[in-house]
Amino acid sequence: MTTTTSEHSGPATEAPPFRYTPALANAIELAWQDRWEQAGTFEAPNPVGDLSSFGDGVDDGAADGAAAAAAAAVPGESFYVMDMFPYPSGKGLHVGHPLGYIATDVTGRFERMRGKNVLHALGYDAFGLPAEQYAVQTGQHPAITTDQNIAVMRRQLRRLGLAHDPRRSFATTDPEFVRWTQWIFLQIFSSWFDPDATAPDGSRGAARPVSELVGRLAAGEVALPAAFEGRTWADLTPREREDVLADHRLAFVADVPVNWCPGLGTVLANEEVTADGRSERGNFPVFKRNLRQWVMRITSYADRLVADLDPLDWPEKVKAMQRNWIGRSEGAHVHFSVATAAGERDLTVFTTRPDTLFGATYMVVAPEHPLVEELLASEEPWGADVPASWRGAAASGADTPAAAVRAYVAAASAKTLQERQADAGAKTGVFTGGYAVNPVNGERLPIFVADYVLMGYGTGAIMAVPAHDERDHAFATAYGLPIREVVSGSPSGVQESAWTGDGVAVASANDEVSLNGLAVAEAKHAIVTWLERTGQGAGTTTYRLRDWLFSRQRYWGEPFPVVYDADGRVVPIPEDMLPVALPEVADFSPRTFDVDDAASSPESPLSRATDWVNVELDLGEGLQTYRRDTNTMPNWAGSCWYYLRYLDPFDADAPVDPALERYWMGPQPGGARGETGGVDLYVGGVEHAVLHLLYSRFWHKVLFDLGHVSSREPFHKLFNQGYVQAYAYTDARGVYVPADEVEEVAAGAAGADAHEGPTFTWRGEPVTREYGKMGKSLKNMVTPDDMYAAYGADTFRVYEMSMGPLDQSRAWETRAVVGAQRFLQRLWRNVVSEDSGLVTVVDDAPDVATARLVARTIADVTTEYAAMRPNTAIAKLITLNNHLTSLPQVPRAAAEALVLMVAPVAPHIAEELWSRLGHESSLAHEAFPVADPALLVEETVTCVVQVAGKVRDRLEVAPSISDAELEAAALATPGVQRVLAGATPRTVIVRAPRLVNVVP
RNA sequence: GCCCCGGUAGCCCAACUGGCAGAGGCAGUCGGCUCAAACCCGACCCAGUAAGGGUUCGAAUCCCUUCCGGGGCACCA
């Protein structure tokens, strides 16, 4: 293409006719975007299958590198680069949104020029709340809204010139995609976690088909649960069998304590509830309720999810957040026996400090603990020796433990999670009237109910060791309970405050075991050994991670591919009947409630589609009436596996052809993708550190265990890009004013406060500056469309990439964009005459200085691009460009190298210049320049001569100079001579060829 | 409260395993082009690295303390 234009950048200007103006930039960009699309330039060939060649008939541009590459074998080296895919919100993009997309595009284009087969595509995460809420308001089906939003977003992003393979784009709402999401769900449903199985990577404990478990149950190798004692597998009804299997399935329906959010009308996963007990979306109160819901047994994988973080090339911060969330902690279960009205009961506690067992002085159970009711059965009055403070709040006026505890439990359950956490620190509780026997010394310990112990962690019961646990210490102090030191080391005494540090065990012995004198770690080991030998406990590991609540009471999500028979037994839908599509409904909204109505229950919009819910099917048991599941999957389902579908978007037989998964994602021990395999580069915001990234790792490991994928992790390298933020301004009333109309008054200028920084005015009135998100409500939004119109996409790309390190957040500054534009204008001028439009480069060889600078730039820019530092790469390109500007004539060799190196960040202008330089095909597959090593070696280097660390002189020396020669030369310099003034140096440090330091 | 990351010219940011504090951009100043201005071209100006202490021949870089900013976790037994 050769774009000729006489358009000017503005009406009143007389710019030269071939200047690189925004108008010219736009013309070039649109033309190249069309050409790329028509030629299929960025279509990445698969090694096998329907995408192994380029779009049939569409591609006549055989001259393009992509087509040439496809004709030959697929490159052996693949590079799979991905963005966390967008939710098409319809609100419109601002200049911050494309940051990550540009970054992956730059890296992808660079790697493509390095000869790799680069796969880069973008799909849409299209199920979810905004489209549903819009549907609720307007009655328009969310599918229509979603399609419209996707179309708008596609157009906006296309204008950026992203090198995506358009054939591989999809939305999670596409029926074919939903089909495979449901298929994977059924794979998980049909699997159980066999703790004794070995995974393909050698780890212990792996997913296996449930059919294997059925075989073992039928053969009696695995015992039935206690409820079915005396019966055999063959005796059980189908419903009973399913109940047995549900205890093992990786996806199962169960009555579980869930986070119920009346304001949203749905239940939420733990990860979707904020630390202060509110919904992440909408910020509504959340209550704990027991409800029948789908759950995924992610906790089975807790160990592997922790262990496999190590080999991943991820930011340490994200790894730490995942480790923290999983919260693995090693300790012991210890059995205490409790006498109740109904007889002896076991109270098992979890502790990370079994070495402090001898220091236990009381017990605490969570208000929801099942033992509570048993303890209260007796209804006996308080014993005479029970202090008043143990009897609960005076207001309750309870004269029996049962009444006091019930009042306390009721009060605790009425609290929202938020209230419960707000009260943390103030320890409250009530004595239950019961006692537990400490297995190490037979002491009777009073059992309290207190809400500082959580039912959701460990066993929901603890042994309290006030001397060595701060929480127990606070409670013991408040309730007058004894504090007994069993680990030495407290500086101020344990009566004063708990000692949780290291020390030596004291007062910790019975007839069979003594911990006295042992350090903490040894003492733990000794007591666990004793507990295990005597059957009173065992070493164990627990996790903070909870199983994943997987159902939502919403319309716009994937339906569950199961039905229930007349007995309420879950029956999976056969694979050939997938996908299960959503029914048409009149009302898309779940029933929502008053945000504080804890007693309400969820009611899904699907439950009203009775024709759909009640269905006659033949599922191999004859025609029967079944009931469908009226929940839908959470928004995370599609994003748990979408990265596999880009590889093989049209596969009708599997979510992905295993051969393609191996080629694009397979492990490369010692190579780029390491032993884990996975996507080569995954870029997105840190906000997904635990949610999406943990869930998809879990699904991936199940697919790995079942043999569907060869990689054991989905994402080998993860990169978190920063955010683009912006200044906003408020006037005296606190109302936002348009940021682009605010004027800055320099510090020290007339009228400015000399001591403060710069001040700001809007229409002459002072305004206050604040910093934060970009958005319409703050009147500081700048859109990509604004940038295309004012500068063109290339300038916008260069500016975004040059603002600073990719992983840092940065402030948008529109007035600084002109720097990027000047760079590209100068680049243009170095190749093309602004007056005639003709190419001005000459074929003469570059002078030595230019050749060296070109070589140096190639070497540096290659390093910077490869390390994802486009900001420093651009700085070096600008340096070379400025050097070429200073030459009377630009040599072709230098210009071509520069154009190729600019291509990843500013692809349109680079293609245009490349074309004008006489090349017929796109530079997208052109080899990235390689520096001539001979030119990288400096002829002379500057050696710094220091005396006592201060620079006193400089020498121009050969890089190969020896230490001795250099030392002699340095000592002879006038600078050294002057400072030393005849004295003999004590030491001379020589770091040839760069530095000599003389120590006088 | 605990943990992590950061603080370098007016602003955004560079500086390889410790070795000349400056690559690049914005803003500013001066000059060229111009009737003039903008654009453009050329040149210039600009910090001793948040503060203090330590290690070292030598510290922006390593260690300690403090301050400031950003983020994560927070009754997890």
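To find a chain, count down the sequence lines: A is the first, B the second, and so on, and within it residues start at 1. Because only heavy atoms are used, hydrogens play no part in the values below, and waters and symmetry mates are left out as well, while side chains stay in.
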_Given the structure, check if the side chain of A:Gln808 and the base of B:rG6 hold any donor-acceptor pair shorter than 3.5 Å._
no

_Distance (rounded to the nearest 0.5 Å) between A:Glu485 CD and A:Thr356 OG1_ = 12.0 Å

*Do the numbers put A:Arg19 on top of the ring of A:Trp828, so that NZ or CZ is under 6.0 Å from the six-membered ring centre and no more than 45° off the axis?*
no

*Could you tell me whether a side-chain N or O of A:His333 sits under 3.5 Å from a main-chain N or O of A:Thr540, the two making a donor and an acceptor?*
no

*Does the side chain of A:Arg815 get closer than 4.0 angstrom to OP1 or OP2 of B:rG25 through an N or O atom?*
no

*If each of A:Val690 and A:Thr459 is mapped to the nucleotide of RNA chain B with the nearest heavy atom, which maps nearer the 5' terminus, i.e. the 5' end?*
A:Val690

_Rounded distance (Å) that lies between atom P of B:rC41 and atom CZ of A:Arg829_ = 5 Å

*Counting side-chain heavy atoms from CB outward, which of B:rA77, B:rG42, B:rC26 is closest to A:Thr885?*
B:rG42

*A:Lys427 charged N/C atom sitting above A:Phe475 aromatic ring, 6.0 Å / 45°*: no

*Between A:Glu687 and A:Tyr723, does a side chain to side chain donor-acceptor pair (under 3.5 Å) hold up when you go through it step by step?*
CA-CA 11 Å; A:Glu687 68 271 17; A:Tyr723 300 102; 2.6 Å; yes

*Mapping A:Arg869 and A:Ala816 to their closest nucleotides on RNA chain B, which lands nearer the 5' end?*
A:Arg869

Output a table of nitrogen or oxygen pairs between the protein and nucleotides 28-36 of chain B separated by less than 3.5 Å.
none

